[in-house]
A.B. asks: 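Mind having a look at this structure? Questions to follow.
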Amino acid sequence: MADFEAGQYDVAVIGAGHAGIEAALASARLGIKTICFTINLDAVGNMPCNPSIGGTGKGHLVRELDALGGEMAACADKACIQFRMLNRGKGPAVHSLRAQADRREYQKIMKHTLENQPNLSLRQAEIVDIGIENDAVAFVKTHTGAIFRCSAAIICTGTYLAGRTIVGEAIKDGGPDGMFASFELAERLNAMGFSLRRFKTGTPPRVNARSVDFSKMEVQPGDEPPVPFSFMTTLPLANRAVCWLTYSNEATHDIVRANLHRSPMYSGVIEGVGARYCPSFEDKVVRFAGKSRHQIFVEPMGLNTEELYLQGFSSSMPEEIQMKMVRSVAGLENAEIMRPAYAIEYDCLDPLELLPTLETKRIAGLYGAGQFNGSSGYEEAAVQGFVAGVNAALKLQDREPLIIRRDEGYIGTLIDDLVTKGTNEPYRMMTSRTEYRLLHRQDNADIRMSRIGHSIGLISDERHQSVLDKYSQVDREIQRLENKYIPPSDMLALLMEKHGMPPASTGVSLASLLRRPGVGIDEISALDDASVLSAAVREQVEISIKYEGYIKKQHRQLEEFKRLENHLLPDDVDYESMVGLRIEARQKLNAIRPRSLGQAMRISGVSPADAAALMIYLQNGYLKNANT
């Protein structure tokens, strides 16, 4: 088969899952001629695992992506059929939106969005080679021999890279949902010297709704009114489906225990490392032996299908064992499995080989995003794709790169964790991973990220100004509530009594009332004759007043972080020659080449003593010598 010249582009995106979509759209919207490749056009925007967007920590990522100018939130609002805000019983820092998606509708919308995007070509082909000239990307080549010249390439291969699916003893090379995998590209990356590792993820069985007895399950309705993902969504949303909750039992667990010898996880068949925070069902039974039951959420795959997803029932057991497991659960006694659960192993990159821009250190113009970088989840993939796509475009335009710091949001935390600390398992975003989660709430992602999106050129002047206007209203309302005092009255006494507080003997400000436990902003409206503000503005006002002390404390912590982060390290520091550093610290610093003292201090293997020695060296050694 002869190679042939097929076209000239600026950026080539390899993969059209959630990472590839955002990478391609971001690059094209910045005026860069972009081509996006997918093994199968029917897999664009596929949800091979859970048909949902968001969740704890993940909803924050989607909101931040939306405020930067990404696409996932807008598509979710159009395609999702049930919306729920998780953790409402806790503080606003951990409130996270999650929405059940119509899987095929989501794919249809995303594919059409790519097809209609100026500067973007969408093409079905397997990329088997990345051409390198002078240590930089020069072209990509398809399995048919088509060579596409380009200056940058973004690898968004998901679980397709050397993919292998496992159902008990049935092991087959392949990607998710019966697609074929990409082996030649994996071999090429190995030949290029990249450090690849083997990770694993899994899926649960899918069953036919007509074979399910929902009367034995708990209904899980959506929130009313539904809250959208995108800050730009103005049309009212509707919950068009419900989910159900059921539980495993001792019979289910006994089936698992009796067949552990046939589990690929425990027989040594599975070599890849799975996500600790998303274990397979057989792993739950072994690790939590004292639990008599585990939750199983029964979720619709869409409005025009009877297929149901059994969230929490991920497995790689043989199919006949899966049937016994499923039918031991209340409501699933006669369930017909439409798709058996399977585990999938795949190759991915050690993210320590990446810069904070998600460009590889080894090859100029080569970027990675999503599961290729060692993360898990649609949302984690999407935000990385966006950052990689933006940075590929900015580099070609000779503009400053986009580096979102961990003090700016969840996206910064995710990328900083990957490129600074690395990961030994599929990385999953959680609210506990950020030090500043009260500042980085999902509700204020617009003010935190729209200025960045605007400076890049992906948020319009009008949209950015609307965000500034919104928070100007917030500031004015906070000042008004601080300065408006309510004299003692029967209405005030009733409010105080309702919340177990003694009646006020003097006037109280509306802000001081709002700070009291249990008192909400809607309750003080009865004491106030102010003009009506939007729900979004009122939410920001209430959070700002109620958590003022905690917010100020986190701002002080954030300023200390910035001080260390702004202490940039010279590119040519010779860490190996620093006698004050331990050998491990020298090796880690030399390999990762941190941008700042702050990043150096976050590297695993760099102790506080090492950081102190580094600071002394910079102040008294390197910098002194540089000035002589």
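Scope of the values below: all heavy atoms of this structure, side chains included, with no hydrogens, waters or symmetry mates.
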A.B. asks: Using side-chain heavy atoms (C-beta onward) and a distance below 4.5 Å, is Val467 in contact with Tyr471?
C.D. replies: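 Side-chain contact under 4.5 Å: yes.
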
A.B. asks: Regarding Gln599 and Arg602, do their side chains bring together a donor and an acceptor under 3.5 Å, going by distance alone?
C.D. replies: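 On atom types as modelled, these side chains do not qualify, holding no pair under 3.5 Å.
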
A.B. asks: If you take all heavy atoms of Gln384 and Leu358, which pair is closest and at what distance?
C.D. replies: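 Where Gln384 meets Leu358 most closely, the heavy atoms are O-CD1, 3.4 Å.
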
A.B. asks: Take Ile486 and Met491 through the side-chain contact (heavy atoms from CB on, under 4.5 Å) test and state the conclusion after the steps.
C.D. replies: CA-CA 10 Å; Ile486 302 296; Met491 289 183 65; over 6 Å; no

A.B. asks: For Tyr427, does its backbone N or O pair with a side-chain atom of Ser376 as donor and acceptor, under 3.5 Å?
C.D. replies: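 Side chain of Ser376 to backbone of Tyr427: a pair is present.
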
A.B. asks: Do Leu310 and Phe297 have side chains that get closer than 4.5 Å, going by heavy atoms?
C.D. replies: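 No, side chains not in contact.
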
A.B. asks: Please find the pair of heavy atoms, one from Arg448 and one from Arg441, that lie closest to each other, and give the distance.
C.D. replies: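 Smallest interatomic distance, heavy atoms only, reads NH2-O, 2.8 Å.
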
A.B. asks: Could you go step by step and tell me if Ile411 and Leu68 meet the side-chain contact (heavy atoms from CB on, under 4.5 Å) rule?
C.D. replies: CA-CA 11 Å; Ile411 296 175; Leu68 286 166; 3.6 Å; yes

A.B. asks: Donor-acceptor pair, distance only, cut-off 3.5 Å: does the side chain of Asn239 make one with the backbone of Ala241?
C.D. replies: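 Not at all, since once roles are kept as given, no pair shorter than 3.5 Å links the two residues.
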
A.B. asks: Judged by modelled atom types alone, do Asp77 and Ser230 share a side-chain donor-acceptor pair under 3.5 Å?
C.D. replies: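 The answer is no; no qualifying pair exists.
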
A.B. asks: Can Asp469 and Ser466 be counted as having a side-chain donor-acceptor contact under 3.5 angstrom?
C.D. replies: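 No, because no side-chain N or O of Asp469 sits under 3.5 Å from a partner of the opposite role on Ser466.
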
A.B. asks: Between His95 and Asp443, is any side-chain donor less than 3.5 angstrom from a side-chain acceptor?
C.D. replies: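 Checked: His95/Asp443 side chains show no N/O donor-acceptor pair below 3.5 Å.
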
A.B. asks: Please check: side-chain N/O of Tyr436 versus main-chain N/O of His555, any donor-acceptor pairing under 3.5 Å?
C.D. replies: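 Side chain of Tyr436 to backbone of His555, a donor-acceptor pair under 3.5 Å: no, none is there.
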
A.B. asks: Any chance the side chains of Arg538 and Ser525 put a donor and an acceptor closer than 3.5 Å?
C.D. replies: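 Yes - a donor-acceptor pair under 3.5 Å links their side chains.
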
A.B. asks: To the nearest 0.5 Å, what is the distance between CG (Leu418) and CG (Asn373)?
C.D. replies: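 Output value for this atom pair is 6.5 Å.
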
A.B. asks: Under 3.5 Å, is there a donor-acceptor pair between the Glu299 and Gln100 side chains?
C.D. replies: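 Judged by distance alone, the side chains do pair up.
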
A.B. asks: Going through the checks in order, is the side-chain contact (heavy atoms from CB on, under 4.5 Å) test met by Val541 and Ile521?
C.D. replies: CA-CA 8 Å; Val541 169; Ile521 195 167; 3.9 Å; yes

A.B. asks: Side chains of Asp610 and Ser607 only: does a donor on one sit below 3.5 Å from an acceptor on the other?
C.D. replies: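 Yes - a donor-acceptor pair under 3.5 Å links their side chains.
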
A.B. asks: Any heavy-atom pair between the side chains of Met430 and Arg433 that's under 4.5 Å?
C.D. replies: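 The answer is yes; the side chains approach within 4.5 Å.
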
A.B. asks: Side chains of Tyr410 and Met429: closer than 4.5 Å at any heavy-atom pair?
C.D. replies: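 The answer is yes, as the side chains (C-beta and beyond) meet within the 4.5 Å cut-off.
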
A.B. asks: Give the C-alpha distance, both sets of side-chain angles, the deciding distance and a yes or no for salt bridge (charged side-chain N to carboxylate O under 4.0 Å, His left out) between Glu333 and Lys216.
C.D. replies: CA-CA 10 Å; Glu333 293 89 348; Lys216 296 182 179 180; 3.2 Å; yes

A.B. asks: Given the rule in the side-chain contact (heavy atoms from CB on, under 4.5 Å) test, do Ile545 and Ile478 qualify, once you have shown the distances and angles that lead to the verdict?
C.D. replies: CA-CA 7 Å; Ile545 290 176; Ile478 290 172; 4.2 Å; yes

A.B. asks: So Phe313 and Phe281, would you call those rings parallel, tilted or perpendicular, with 30° and 60° as cut-offs?
C.D. replies: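 Rings of Phe313 and Phe281: perpendicular, over 60°.
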
A.B. asks: Keeping Ser450 on the side-chain end and Asp446 on the backbone end, is there a donor-acceptor pair under 3.5 Å?
C.D. replies: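 Yes; judged by distance alone, with no hydrogens or angles, the pair exists.
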
A.B. asks: To the nearest 0.5 Å, how far apart are CD in Gln554 and CZ in Arg437?
C.D. replies: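 Those atoms lie 8.0 Å apart.
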
A.B. asks: Parallel, tilted or perpendicular: which describes the rings of Tyr550 and Tyr547, with under 30° parallel and over 60° perpendicular?
C.D. replies: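 Plane angle between 30° and 60°, so tilted.
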
A.B. asks: Any non-hydrogen side-chain atom of Leu308 less than 4.5 Å from a side-chain atom of Met301?
C.D. replies: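 No - every pair of side-chain heavy atoms lies 4.5 Å or more apart.
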
A.B. asks: Do Leu514 and Glu542 touch side chain to side chain, with heavy atoms closer than 4.5 Å?
C.D. replies: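 Yes, at least one pair of side-chain atoms sits under 4.5 Å.
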
A.B. asks: Taking the six-membered ring for Trp, are Phe229 and Phe83 parallel (under 30°), tilted (30 to 60°) or perpendicular (over 60°)?
C.D. replies: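 Rings of Phe229 and Phe83: tilted, 30 to 60°.
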
A.B. asks: Decide yes or no on side-chain hydrogen bond (donor to acceptor under 3.5 Å, both in side chains) for Asp416 and Thr420, but give the supporting numbers first.
C.D. replies: CA-CA 6 Å; Asp416 183 65; Thr420 302; 3.1 Å; yes

A.B. asks: Using modelled atom types only, decide if a donor and an acceptor are shared between the side chain of Asn87 and the backbone of Lys90 within a distance under 3.5 Å.
C.D. replies: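 The answer is no, because no donor-acceptor pair under 3.5 Å joins these two groups.
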
A.B. asks: Should Val387 and Thr357 count as side-chain neighbours, where that means a heavy-atom distance under 4.5 Å?
C.D. replies: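 They are not in side-chain contact.
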
A.B. asks: Look at the aromatic rings of His253 and His294 and report parallel, tilted or perpendicular, splitting at 30° and 60°.
C.D. replies: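 Plane angle between 30° and 60°, so tilted.
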
A.B. asks: For the pair Glu523 and Arg516, find out whether any cationic side-chain nitrogen is under 4.0 Å from an anionic carboxylate oxygen.
C.D. replies: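 Salt bridge between Glu523 and Arg516, a charged N being under 4.0 Å from a carboxylate O: no.
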
A.B. asks: Could you tell me whether a side-chain N or O of Asn391 sits under 3.5 Å from a main-chain N or O of Leu402, the two making a donor and an acceptor?
C.D. replies: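 Yes, the answer is positive, given that a donor and an acceptor are paired below the 3.5 Å cut-off.
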
A.B. asks: Distance-only, no hydrogens or angles: does the Asn444 side chain make a donor-acceptor pair with backbone N or O of Gln540 under 3.5 Å?
C.D. replies: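 Looks like no, no N/O pair under 3.5 Å.
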
A.B. asks: Do Glu408 and His440 meet the criterion of a side-chain donor-acceptor pair at a distance under 3.5 Å?
C.D. replies: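 The criterion, which ignores hydrogens and geometry beyond distance, is not satisfied for His440 and Glu408.
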
A.B. asks: Between Thr423 and Gly374, what is the shortest heavy-atom contact and its length?
C.D. replies: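 Heavy atoms of Thr423 and Gly374 come nearest at CG2-O, 3.7 Å.
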
A.B. asks: Does a sphere of radius 6.0 Å around NZ in Lys108 hold more than 12 heavy atoms from other residues, nucleotides or ligands, not counting ones at 6.0 Å or beyond?
C.D. replies: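 Open: at most 12 neighbouring heavy atoms sit under 6.0 Å from NZ of Lys108.
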
A.B. asks: When you measure from the centre of the six-membered ring of Tyr309, is the NZ or CZ of Arg206 closer than 6.0 Å and no more than 45° off the axis?
C.D. replies: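 The answer is no, since Arg206 fails at least one limit relative to Tyr309.
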
